[in-house]
Amino acid sequence: MKVNEIKELSAAELEDKLAELKQELFNLRFQHAVNQLDNPMRMKAVKKDIARVKTFIRKQESETL
């Protein structure tokens, strides 16, 4: 997920995206545990996307205060 895409999302959309990414990470971890993970680098990418989304959520919260 690109930074430009994240900037365009509203606070509610960011929360939804965060929940979606966390669910995807859970599924990837589960696949990894049962040795069915095709692309292990996807886990790293999802973790970075989660961090980006959390950063923008925090940034929006600090701007509204």
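A single hydrophobic cluster is seen to contain both Leu21 and Val3, as judged by linkage of ILVMFWY side chains at heavy-atom distances under 4.5 Å, directly or through other members.
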Tabulate below the donor-acceptor pairs under 3.5 Å that side-chain atoms of residues 54-62 make, not counting sequence neighbours, or state none.
unit_1 : atom_1 : unit_2 : atom_2 : d
Thr55  : OG1    : Ala51  : O      : 2.7
Ser62  : OG     : Arg58  : O      : 3.4
Ser62  : OG     : Lys59  : O      : 2.9

Could you pull out every donor-acceptor pair under 3.5 Å between side chains of residues 25-32 and any protein atom, sequence neighbours left out?
unit_1 : atom_1 : unit_2 : atom_2 : d
Asn27  : OD1    : Gln23  : NE2    : 3.4
Asn27  : ND2    : Gln23  : O      : 3.4

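With sequence neighbours left out, the side-chain hydrogen bond (donor to acceptor under 3.5 Å, both in side chains) criterion links Glu5 to no other residue. Under the salt bridge (charged side-chain N to carboxylate O under 4.0 Å, His left out) criterion, Glu13 pairs with no residue at all, not counting sequence neighbours. Applying the side-chain hydrogen bond (donor to acceptor under 3.5 Å, both in side chains) test to Glu15 and every residue at least two apart in sequence or in another chain returns nothing.
Contacts classified as salt bridge (Lys or Arg N to Asp or Glu O under 4.0 Å) and involving residues 30-48 (residues at least two apart or in different chains) are given here: Glu24-Arg42.
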